[in-house]
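Right, one structure below, let's go through it.
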Amino acid sequence: MEIVIYKAKKYLGILLLMVLAISVIYPLAWTVVSSIREPTDFFQDPWGLPDEFDFSVYGKVWTEFNVKYALLNSFKLSTITVCVSLIFTLTASFAISRMRWRYSNVVLAFFLAGLMIPGHSTIIPLYLSLLPIIEVIGPKNTLLIPYIAGTLPISIFIICNYMQSIPASLEEAAVIDGCNVFQLFYKIIVPVSLPAVATVTIFNFLGVWNELMLGLVFLTRNVDQTLPLAMLRFSGRFGTQWSETLATVSIAVIPSVLLYLLLQEKLIKGMTAGSVKG
Amino acid sequence: MDKMLSNKLVILLFIAPALCLYALVVPYPLLKSIQYSFYQWNIVGVPKYVGLKNYIRLFTSDYVFVTALKNTALFTIGSIITQIPLAFILAVSLAKPTRLNKFFKSVYFIPCTISGAAVSLLWQFIYHPNMGILNSALNAIGLGSWTKTWLAEPKFALWAVVFSMAWQWFGYHMVIFITAMTSISPEIFEAAEVDGATGWKKIWYISYPLMKPFIKVSMILITTSSIKAFDNIYVLTGGGPANSSTVLALHMYNRAFRQLQFGYGAAIAVVLLVLCVVLTISLNKLFGTKNVDY
């Protein structure tokens with residue numbers, strides 16, 4: 001009898017977990033499927049299964065509504081942010097965690113304080129002081145400045161942690177073999193830190209890919225905008241054009257979910273790094 | 001080697017780019033925000049020093065701000081109630097790293113990787129009065145009288161956002177708790193079993209106290225992210241209807257970037273920062289820093 005109750009409990013548990021899993025996956029799968037349904041068919045029974053597929057709405061948002069620029073802009077901003085941020089983070093983390101100077105801990109604490117500062121409390125002066133720069137290098141390039149700076153505290157936190165765990169013997173061996181400090185940096189320490197670099201890269205990429213508020217403030221022209229802004233183009237005072245919205249949402253969501261499925265452990269590590277270790 | 005690693009010039013070369021960029025883009029504007037909050041400044045004209053007037057106006061005559069403050073509090077409490085218990089129960093159930101459990105864990109984390117804008121648009125459709133699945137489901141199970149225009153009713157709009165945020169983030173806190181669970185040595189549980197502890201007792205007397213530091217972290221994260229909440233509310237309700245779901249970040253955005261009242265907006269930004277810092281410290285105090293050790 002006890003075994004029966006135990007088994008029943010177990011299966012009930014799995015059933016509940018399954019229901020929750022479906023409630024997570026179903027709306028996402030629905031978004032993608034609905035975006036390739038024929039619009040009239042979709043509006044007759046939005047939550048039903050499609051009869052046939054129709055990709056025409058993608059062509060429409062791609063060319064007429066400039067979503068191609070949004071995808072390109074999102075990709076460019078995310079990639080450049082990740083690359084530049086990595087250079088800054090790696091050099092700074094090397095100086096903080098491997099080199100010997102008096103104020104290294106103070107500087108680290110200064111960077112980590114940034115984890116506590118909400119971006120909201122800096123956005124107004126930031127925008128005002130960057131206005132003249134926007135006129136020179138354009139809003140997209142200007143936006144890179146807060147994007148890159150914003151990634152530094154968490155990236156330096158993760159990379160410094162990792163670099164500190166590299167044994168000194170590795171360093172000594174390299175120096176005996178004739179490495180100077182720059183070679184030590186890019187031939188030894190950076191390659192050894194690659195697992196942490198991967199974590200930071202994917203985390204920052206998605207961070208910029210999904211960012212909304214700074215984009216809203218800086219990117220006012222349609223052709224400059226990123227995907228999270230482009231998604232909102234189809235909602236207005238007179239309702240929402242759902243097929244177009246869902247297509248654009250799919251264009252934005254599919255890459256992030258794929259990236260997650262490919263590099264799950266890394267991304268989870270990056271996203272929870274500040275909380276679990278901090 | 002010591003000499004090589006303490007070369008001041010190299011250190012400067014390595015640290016300066018990151019340090020300068022960070023200092024100019026994060027701490028410096030923060031101080032500027034504080035300064036601006038004492039000025040009346042619209043984009044045309046010269047900033048005028050007004051002392052504490054912005055703050056006085058916020059708390060005495062700006063009913064939207066007071067609503068936003070109240071909503072932010074409700075938002076925080078709502079998010080804690082909807083996310084932490086669920087995340088805790090899931091973590092307890094999924095702590096053993098079996099294949100099935102790993103599958104559930106991966107699935108539950110998916111929404112965390114998606115932008116708040118996308119999640120909110122999706123939920124806008126779920127809440128759609130005619131076509132949304134929520135009302136359809138209510139109709140289907142015979143609760144047609146419960147159907148609502150969810151996002152258009154002042155009583156429900158805020159909670160609709162809270163619910164969509166819970167859908168997006170419960171998996172995140174679950175992962176934090178699972179990490180915590182796996183750090184508890186199985187010997188402790190074995191010892192407890194020998195002493196006769198069963199399912200719930202094990203959870204209450206062993207898992208919960210040992211996971212308290214992580215629950216604290218989750219509470220702090222939910223609190224600060226609720227104070228900063230912007231994307232989901234901006235997209236889902238825009239703060240409406242009639243400001244019933246507005247929050248601090250949205251109010252700041254509207255004042256500064258829609259109405260171009262930069263000084264006033266900066267005052268809201270400062271309140272936001274103070275709330276984040278004060279609540280983080282108080283939650284830390286409330287939970288105590290003493291960790292349980294068995």
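To find a chain, count down the sequence lines: A is the first, B the second, and so on, and within it residues start at 1. Just so it is clear, the values below take in all heavy atoms, side chains as well, and ignore hydrogens, waters and symmetry mates.
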Looking at [options], which one has more heavy-atom pairs under 4.5 Å with chain B than the rest?
{"options": "A:Leu28, A:Leu267, A:Ile25", "answer": "A:Leu28"}
{"options": "A:Leu229, A:Leu261, A:Val257, A:Val217", "answer": "A:Val217"}
{"options": "A:Phe43, A:Trp209, A:Trp101", "answer": "A:Trp101"}
{"options": "A:Ser256, A:Gly150, A:Pro118", "answer": "A:Pro118"}
{"options": "A:Trp242, A:Phe110, A:Phe185, A:Phe182", "answer": "A:Trp242"}
{"options": "A:Leu216, A:Val107, A:Leu184", "answer": "A:Leu216"}

Does the side chain of [Y] come within less than 4.5 Å of [X]'s, by heavy atoms?
{"X": "B:Tyr234", "Y": "A:Leu232", "value": "yes"}
{"X": "A:Leu20", "Y": "B:Leu90", "value": "yes"}
{"X": "A:Leu17", "Y": "B:Leu100", "value": "no"}
{"X": "B:Ser115", "Y": "A:Leu227", "value": "no"}
{"X": "B:Leu122", "Y": "A:Val253", "value": "no"}

Between [options], which has the largest tally of heavy atom pairs under 4.5 Å with chain A?
{"options": "B:Val26, B:Ile114, B:Leu272, B:Ile268", "result": "B:Ile114"}
{"options": "B:Ser93, B:Ala16, B:Ser106", "result": "B:Ser106"}
{"options": "B:Val235, B:Ile11, B:Asp231", "result": "B:Ile11"}
{"options": "B:Thr224, B:Val271, B:Ile110, B:Ile34", "result": "B:Ile110"}
{"options": "B:Ile133, B:Leu273, B:Val277", "result": "B:Ile133"}
{"options": "B:Gln124, B:His128, B:Lys228, B:Lys8", "result": "B:Lys228"}

- Would a distance-only check, ignoring hydrogens and angles, find a side-chain to backbone donor-acceptor pair under 3.5 Å from A:Asn210 to B:Gly116?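 No; zero donor-acceptor contacts below 3.5 Å.
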- Flag the pair B:Phe125 / A:Phe42 as yes when their ring centroid distance falls below 6.0 Å, and as no otherwise.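 For B:Phe125 and A:Phe42, the ring centres are under 6.0 Å apart.
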With rounding to the nearest 0.5 angstrom, report the [atom1] to [atom2] distance, [X] to [Y].
{"X": "A:Thr220", "Y": "B:Phe257", "atom1": "OG1", "atom2": "CZ", "answer": "12.0 Å"}
{"X": "B:Leu24", "Y": "A:Ile145", "atom1": "CG", "atom2": "CD1", "answer": "9.5 Å"}
{"X": "B:Asn7", "Y": "A:Asn180", "atom1": "CG", "atom2": "CG", "answer": "10.5 Å"}
{"X": "B:Leu5", "Y": "A:Glu171", "atom1": "CG", "atom2": "CD", "answer": "5.0 Å"}

Taking all heavy atoms of [X] and all of [Y], pick out the closest pair and write down the distance.
{"X": "A:Ser23", "Y": "B:Trp167", "answer": "O-NE1, 3.0 Å"}
{"X": "A:Pro228", "Y": "B:Ala117", "answer": "O-CB, 4.0 Å"}
{"X": "A:Pro125", "Y": "B:Lys32", "answer": "CB-CB, 3.5 Å"}
{"X": "A:Met213", "Y": "B:Met252", "answer": "CE-CE, 3.8 Å"}
{"X": "A:Tyr260", "Y": "B:Lys105", "answer": "OH-O, 4.3 Å"}
{"X": "A:Ile124", "Y": "B:Gly265", "answer": "CD1-C, 3.4 Å"}

Which answer fits [X], side chain, backbone, both or neither, if we ask what part of it has an atom under 4.5 Å from a heavy atom of chain A?
{"X": "B:Phe109", "result": "both"}
{"X": "B:Ser33", "result": "both"}
{"X": "B:Leu13", "result": "side chain"}
{"X": "B:Met131", "result": "both"}
{"X": "B:Ile227", "result": "neither"}

Pick one of side chain, backbone, both or neither for [X], based on which atoms fall under 4.5 Å of a heavy atom in chain B.
{"X": "A:Leu246", "value": "neither"}
{"X": "A:Val24", "value": "both"}
{"X": "A:Leu128", "value": "side chain"}
{"X": "A:Tyr26", "value": "side chain"}
{"X": "A:Ala21", "value": "both"}
{"X": "A:Leu126", "value": "both"}
{"X": "A:Leu206", "value": "side chain"}

- Identified side-chain contact (heavy atoms from CB on, under 4.5 Å) partner of B:Pro29 from the options A:Thr122, A:Ile117, A:Ile123, A:Leu130: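 Answer after filtering A:Thr122, A:Ile117, A:Ile123, A:Leu130: A:Thr122.
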- Task: In sequence, state the C-alpha distance, the side-chain angles, and the governing distance for A:Leu152 and B:Leu21, and then conclude on side-chain contact (heavy atoms from CB on, under 4.5 Å).
- Result: CA-CA 9 Å; A:Leu152 291 178; B:Leu21 180 69; 4.2 Å; yes
Exceeds 12 heavy-atom contacts within 6.0 angstrom, atom [atom1] of [X]:
{"X": "B:Tyr28", "atom1": "OH", "result": "no"}
{"X": "B:Phe163", "atom1": "CZ", "result": "no"}
{"X": "B:Leu9", "atom1": "CG", "result": "no"}

- Task: Measure up the B:Tyr22 and A:Phe111 rings against each other and bin them: parallel (under 30°), tilted (30 to 60°), perpendicular (over 60°).
- Result: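 It falls in the tilted class, 30° to 60°.
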- Between A:Tyr127 and B:Phe262, how do the two ring planes meet: parallel, tilted or perpendicular, split at 30° and 60°?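 Because their plane-to-plane angle lies in the 30° to 60° range, the rings of A:Tyr127 and B:Phe262 count as tilted.
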